[in-house]
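Written out below as structure tokens is the structure these notes cover.
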Amino acid sequence: MKSSKLIGFGAYSPKKIVTNDDLSKIMDTNDEWISTRTGVKSRHIAEENEQTSDLGHKAFEQALSRSKLQKEDIELLIVATATPDLLFPSTACIIQKKADLKNAVCFDVTAACSGFLYALSIANAYIKSGKYKNVAVIGAEKMSKLIDWTDRATAILFGDGAGCFILQASDEETGIIDDIIKSSGYEGDILTYDYISAEKKITMQGSEVFKHAVSKMSDISKEILEKNNMTLNDIKYLIPHQANSRIVEGVAKYMDAPMDKVIMKVDHFANTSSASIPLAFCEAYEEGNIKEGDTLLFTALGAGITWGALLIKV
């Protein structure tokens with residue numbers, strides 16, 4: 001059975017940066033209030049004419065360049081997004097046209113903040129089955145188009161961005177070691193976006209989201225480690241979904257993981273939903289903190305509710 005080797009990765013953040021001080025001019029808040037509660041200091045915000053597919057396309061092009069593949073080599077493109085350009089066609093198909101991926105099968109996955117892990121799990125299964133050899137997975141979000149800028153409870157949390165991994169079938173003992181994904185629609189009402197209603201706003205039961213995020217991300221991380229006869233000592237870094245600093249710190253505490261073993265980039269990216277893990281990964285790699293051969297643990301929880309964990313050797 002083939003392994004899913006990571007051969008390329010890329011990220012893109014919009015050029016426009018909105019700071020907490022900027023938000024204080026349009027709502028009743030300030031930098032101290034936001035940063036002490038969320039860890040967020042600023043976020044990247046896409047321009048009005050900049051779509052989710054544009055962000056994902058730019059992340060893909062960087063990943064493709066690093067992979068040394070040609071466009072015609074990509075056989076499958078999966079885009080994880082909760083903010084598609086349109087309900088249909090899929091954002092993956094829109095990116096297919098922009099990137100000229102003539103040989104790729106393309107579709108979207110919607111699992112909110114867990115979307116990137118869901119998409120990686122699907123890609124891994126396809127590669128292990130032998131159906132596809134080269135697969136691109138993109139997490140891309142334009143969360144700003146969902147935001148009610150008068151709602152202090154949610155507007156301060158989110159940002160825009162995209163990240164991309166390219167996986168290739170390999171006989172080497174590297175790449176994705178294992179993945180676990182789960183869902184429970186019974187708690188789906190704790191985090192929703194009703195695009196049909198007149199209000200069209202994100203609703204969030206903050207304390208419930210925090211409770212489920214910390215417990216489920218921690219528990220599934222412990223589960224995947226135990227399943228593979230590993231401990232925290234066997235991984236270089238834990239990269240959780242970058243929801244906010246309190247959740248990231250809560251997961252670390254619950255798992256007895258020192259913060260120097262946890263990648264956290266929420267201060268300048270904010271919560272970019274399905275893009276948060278690849279964005280954090282790419283920045284940590286560019287900083288020299290992640291190196292070839294390192295074993296990493298990803299975990300996320302998103303609306304649905306959905307959650308998952310994935311072990312990967314870079």
Side-chain angles (χ1 to χ4, degrees), residues 8-18 43-67 69-120 122-123 126 132 134-147 158-167 193 195 200 202 241-242 269-283 300 302-303:
F9 45 88
Y12 176 77
S13 296
K15 292 179 173 58
K16 181 180 178 181
I17 296 174
V18 175
R43 70 284 293 148
H44 294 260
I45 299 295
E47 299 293 346
E48 188 172 344
N49 63 351
E50 196 172 21
Q51 302 303 319
T52 299
S53 62
D54 296 318
L55 310 183
H57 177 211
K58 289 174 181 176
F60 167 77
E61 292 290 352
Q62 187 182 94
L64 184 70
S65 176
R66 184 174 263 130
S67 75
L69 295 179
Q70 302 301 310
K71 293 184 177 184
E72 54 267 26
D73 296 325
I74 303 298
E75 301 160 281
L76 176 64
L77 169 64
I78 307 173
V79 174
T81 185
T83 57
D85 290 16
L86 305 165
L87 281 181
F88 53 85
S90 69
T91 300
C93 284
I94 295 172
I95 293 175
Q96 177 184 31
K97 181 179 179 181
K98 290 180 177 180
D100 194 27
L101 303 178
K102 290 184 172 63
N103 297 328
V105 175
C106 307
F107 60 85
D108 289 358
V109 171
T110 302
C113 302
S114 302
F116 192 70
L117 294 191
Y118 266 59
L120 286 177
I122 295 166
Y126 270 120
Y132 297 116
N134 298 309
V135 180
V137 175
I138 297 172
E141 303 285 9
K142 186 179 178 179
M143 294 301 294
S144 60
K145 73 178 181 180
L146 306 186
I147 290 173
F158 297 100
D160 302 335
C164 176
F165 280 10
I166 294 179
L167 304 172
Y193 178 78
Y195 75 94
K200 290 185 174 61
I202 297 170
H241 164 54
Q242 310 283 296
F269 285 135
N271 182 345
T272 55
S273 190
S274 66
S276 79
I277 287 176
L279 279 171
F281 170 92
C282 288
E283 183 162 288

Between K145 and D160, is the salt bridge (Lys or Arg N to Asp or Glu O under 4.0 Å) condition met? List the steps.
CA-CA 9 Å; K145 73 178 181 180; D160 302 335; over 6 Å; no
Can you name the closest pair of heavy atoms from [X] and [Y] and give their distance?
X	Y	value
I166	A136	CG1-CB, 4.2 Å
D54	N49	OD2-O, 3.8 Å
E50	P14	OE1-CB, 3.8 Å
A112	A303	CB-N, 3.5 Å
A140	S274	N-OG, 3.6 Å
G163	A275	N-CB, 4.3 Å

Ring center gap for F165 and F116 short of 6.0 angstrom
yes
Find the distance between [atom1] ([X]) and [atom2] ([Y]) and round it off to the nearest 0.5 Å.
X	Y	atom1	atom2	result
N103	Y132	CG	OH	11.5 Å
D108	I95	CG	CD1	8.0 Å
S114	L120	OG	CG	11.5 Å
C113	Q242	SG	CD	11.0 Å
T83	Y193	OG1	OH	10.5 Å
I138	T91	CD1	OG1	9.5 Å

Go through the steps for K58 and Q62 under the test side chain to side chain contact (heavy atoms under 4.5 Å, CB included), then give the verdict.
CA-CA 7 Å; K58 289 174 181 176; Q62 187 182 94; over 6 Å; no
Test item: [X] and [Y] side chains (from C-beta on) under 4.5 Å apart, heavy atoms:
X	Y	value
K142	Q51	yes
L77	V105	no
S276	L279	no
F158	R43	no
L64	I74	yes
I277	L117	yes
C106	L101	no
K16	H44	no

Will you find, in the side chains of E141 and T272, an N or O donor that is under 3.5 Å from an N or O acceptor?
no
For the residue pair F9 and F281, categorise the inter-ring angle as parallel (less than 30°), tilted (30 to 60°) or perpendicular (more than 60°).
perpendicular
Measure from the side-chain N and O atoms of D85 to the backbone N and O of S53, and report whether any donor-acceptor pair falls under 3.5 Å.
yes
I'd like to know if K71 pairs up with E61 as an ion pair, taking the criterion as any Lys NZ or Arg NE/NH1/NH2 lying under 4.0 Å from an Asp or Glu carboxylate oxygen.
yes
